[in-house]
Number of protein chains: 2
Amino acid sequence: MADYDTEEEFLKHYNVRQYDLPLATVDMAIFTVQDQQLQVLLVKRALHPAKGQWALPGGFIDMKKDQSLSDTAYRKLKEKTGVDTPYLEQVATFGNASRDPRGWSLTVSYFALISSDQTTLSMDSRSEEVAWVPVTQVGELELAFDHEQILQACHERLRAKVQYTSVPVNLMPEVFTLVELQKTFEIILGSPIEKKSFRRRIADADILEETGEMKSGPSRPAKLYRVKNKGENYFFTRLMEGAR
Amino acid sequence: MADYDTEEEFLKHYNVRQYDLPLATVDMAIFTVQDQQLQVLLVKRALHPAKGQWALPGGFIDMKKDQSLSDTAYRKLKEKTGVDTPYLEQVATFGNASRDPRGWSLTVSYFALISSDQTTLSMDSRSEEVAWVPVTQVGELELAFDHEQILQACHERLRAKVQYTSVPVNLMPEVFTLVELQKTFEIILGSPIEKKSFRRRIADADILEETGEMKSGPSRPAKLYRVKNKGENYFFTRLMEGAR
DNA sequence: CACATAAGTGGCTTTAAGCCACTATTTGCT
DNA sequence: AGCAAATAGTGGCTTAAAGCCACTTATGTG
């Protein structure tokens with residue numbers, strides 16, 4: 001490669017197109033809790049490759065539309081769910097020569113958490129099939145590419161975080177009761193949590209405020225809460241072990 | 001885009017070169033502890049862009065040489081330090097339109113931990129300058145691109161992990177004493193650790209074995225230890241808070 | 001052979017989780 | 001009206017692991 005005196009000079013002669021570059025995509029696991037289960041959004045691929053297979057929503061970084069990686073993630077999320085204020089977290093990047101038949105490719109994975117009342121699924125422009133699938137049943141589906149591995153990484157990250165952060169509050173609707181919140185934690189954790197321990201932690205974290213309203217049912221009404229500072233999440237100094 | 005009946009047909013007509021793709025690189029923070037300080041390996045860039053500035057070692061994914069992302073990381077590490085058995089962990093991926101003057105680019109960052117006795121720095125083929133720099137002094141250097149931000153992410157990840165994992169053992173030489181190990185933890189944490197607490201944790205984790213040898217100095221000799229299962233690391237259920 | 005020095009331990013305190021029974025507040029049935 | 005069923009929410013003890021800090025141990029040195 002020729003050398004140039006100034007960076008300006010160098011850049012004038014620089015042409016990205018002369019290099020072989022890996023394909024770069026963003027894929028995401030969009031989680032919600034519905035029907036007492038952790039569900040993930042999947043799309044049935046309308047185009048080659050892996051046409052007809054279920055996959056995580058995602059796609060190429062659009063260098064025109066997207067100023068940054070997270071823009072790509074937000075754009076995809078909006079396309080599939082209509083939601084534009086999720087909790088979003090980057091998980092890991094998978095890249096190798098064999099994961100996509102089109103050649104060396106790399107995908108940056110994110111997980112998003114949304115409340116089940118925030119979204120009604122929308123068929124997107126290419127009218128793909130879109131569906132919520134319980135994560136426990138994804139195994140039966142043979143996801144495209146290495147998406148099962150990606151989903152597993154996202155799921156593991158979420159499951160780890162339920163043990164030491166308040167992140168799962170991002171799966172809740174605007175207002176909710178402590179019992180509903182605990183149930184959400186338990187669904188992600190996959191095992192019951194001791195009530196007193198749970199409530200102490202949430203109280204100590206000081207992340208909720210009472211709405212003043214109550215939720216009434218066929219028994220004692222429960223106080224309704226709201227998240228204090230949406231987006232911030234609290235880290236505990238100890239893992240929640242789960243009960244029994 | 002035309003549609004094809006089979007994936008085979010589709011792939012035959014697929015040409016990556018027709019798309020605009022972001023530049024894809026791997027950058028790494030290679031850490032070691034020397035002179036009672038956490039140090040990071042930096043290289044002075046020999047070529048444009050950012051010629052002459054200090055930067056994290058890294059470079060383009062070589063689709064010929066590298067079968068996967070971590071191959072790129074291992075290759076770069078070997079080039080700069082001669083080390084080929086580090087502790088390596090992916091941290092995060094940074095990608096946007098402005099971080100590199102050549103255009104939309106994305107970099108996957110890793111941190112590596114090596115023992116200071118494992119390496120003698122080697123000038124690589126392009127004879128760049130290479131140096132260990134205490135992380136506390138990197139601020140004075142004006143790193144290239146967004147490498148300061150990348151380094152910060154790597155450093156934060158390492159600092160978080162010292163509080164709840166045994167990861168820092170990967171910075172130790174083959175054999176070492178418990179006091180030396182504690183000192184390493186303290187250097188990363190940036191504050192002293194209570195001796196008894198530290199030793200209890202290490203003992204409970206059951207990750208070390210005695211060599212049978214002692215290290216003698218001008219006072220009571222200390223038992224020498226070796227890591228039991230290199231590469232595995234232990235997760236504690238509580239954070240180490242640090243003393244005083 | 002005392003003494004300085006650093007390695008390593010004993011034993012109490014503190015913090016936050018686990019356990020589980022108890023009280024509180026509502027609806028609905030008789 | 002009164003009582004049972006059901007779920008919300010609390011009191012108070014136990015347990016696990018970290019913090020604290022003084023004490024004992026083993027070695028080289030003057």
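Just so you know, these numbers come straight off a predicted model, no measurement behind them. Chain letters run A, B, ... following the sequence lines, proteins first, then strands; residues in each count from 1.
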Exercise. Reading nucleotides 5-11 of chain C from the 5' end, what letters show protein touch, with B for base, S for backbone sugar-phosphate only, - for no heavy atom under 4.0 Å?
Worked result: BBBBBBB
For this session: Report the distance from atom CG of B:D204 to atom P of D:dA17, rounded to the nearest whole Å.
Result: 7 Å
Problem set entry | Within residues 148-159 of chain A or reaching into it, pairs that qualify as salt bridge (Lys or Arg N to Asp or Glu O under 4.0 Å) - sequence neighbours excluded | A:E89-A:R157
Exercise. Of all of residues 156-173 of chain A, which get a heavy atom below 4.0 angstrom from DNA chain D, listed by number?
Worked result: none
Exercise. Contact class for A:S216 (heavy atom, under 4.0 Å): base, sugar-phosphate, or nothing?
Worked result: nothing
Exercise. Could you state the CZ-C1' distance from B:F236 to D:dA16, rounded to the nearest angstrom?
Worked result: 15 Å
For this session: Please determine, by modelled atom types, if A:N233 and A:T165 share a side-chain donor-acceptor pair under 3.5 angstrom.
Result: no
Exercise. Between C:dC19 atom C1' and A:E194 atom CD, what is the distance in whole Å?
Worked result: 6 Å
Seminar exercise, completed: Rounded to whole Å, CZ of B:R238 lies from C1' of C:dA16 at a distance of 6 Å
Exercise. Counting N and O atoms only, with roles assigned by atom type, does the side chain of A:T72 sit under 3.5 Å from a partner on the main chain of A:D66, one being a donor and the other an acceptor?
Worked result: no
Problem set entry | Separation of atom CZ in A:F198 from atom C1' in D:dG9, rounded to whole Å | 14 Å
Exercise. Roughly how many Å is it from CD1 in B:I202 to P in D:dA18, rounded to a whole number?
Worked result: 10 Å
For this session: If a pair satisfies salt bridge (Lys or Arg N to Asp or Glu O under 4.0 Å) and one of its residues is in residues 163-176 of chain A, list it, with sequence neighbours excluded.
Result: A:E174-A:K230
Exercise. Can you check the A:L239 CG to D:dA18 P distance for me, whole Å?
Worked result: 11 Å
Show the atom names and distances, to 0.1 Å, of all donor-acceptor pairs under 3.5 Å that link a side chain in residues 181-188 of chain B to residues at least two apart or in another chain.
from: B:Q182; atom 1: NE2; to: B:E186; atom 2: OE2; distance (Å): 3.1
from: B:Q182; atom 1: NE2; to: B:I193; atom 2: O; distance (Å): 2.9
from: B:T184; atom 1: OG1; to: B:E180; atom 2: O; distance (Å): 3.2
from: B:E186; atom 1: OE2; to: B:I193; atom 2: N; distance (Å): 2.8

For this session: Rounded off to whole Å, could you give me the CD-to-P distance for the A:Q182 and C:dG18 pair?
Result: 11 Å
Exercise. OP1, OP2 of D:dA18 versus side-chain N and O of B:R201: anything below 4.0 Å?
Worked result: yes
Seminar exercise, completed: Partner of A:P57 under side chain to side chain contact (heavy atoms under 4.5 Å, CB included), picked from A:L77, A:V130, A:V26, A:V43, is A:V43
Exercise. Okay, side chain of B:H147, backbone of B:A55: is any donor-acceptor separation there less than 3.5 Å?
Worked result: no
Problem set entry | Among B:K44, B:R45, B:K80, the one residue meeting salt bridge (charged side-chain N to carboxylate O under 4.0 Å, His left out) with B:E129 | B:K44
For this session: Name all pairs fulfilling the salt bridge (Lys or Arg N to Asp or Glu O under 4.0 Å) condition that reach into residues 201-210 of chain A, sequence neighbours left out, sorted by first residue then second.
Result: A:D206-A:K228, A:E209-A:R226, A:E210-A:K223
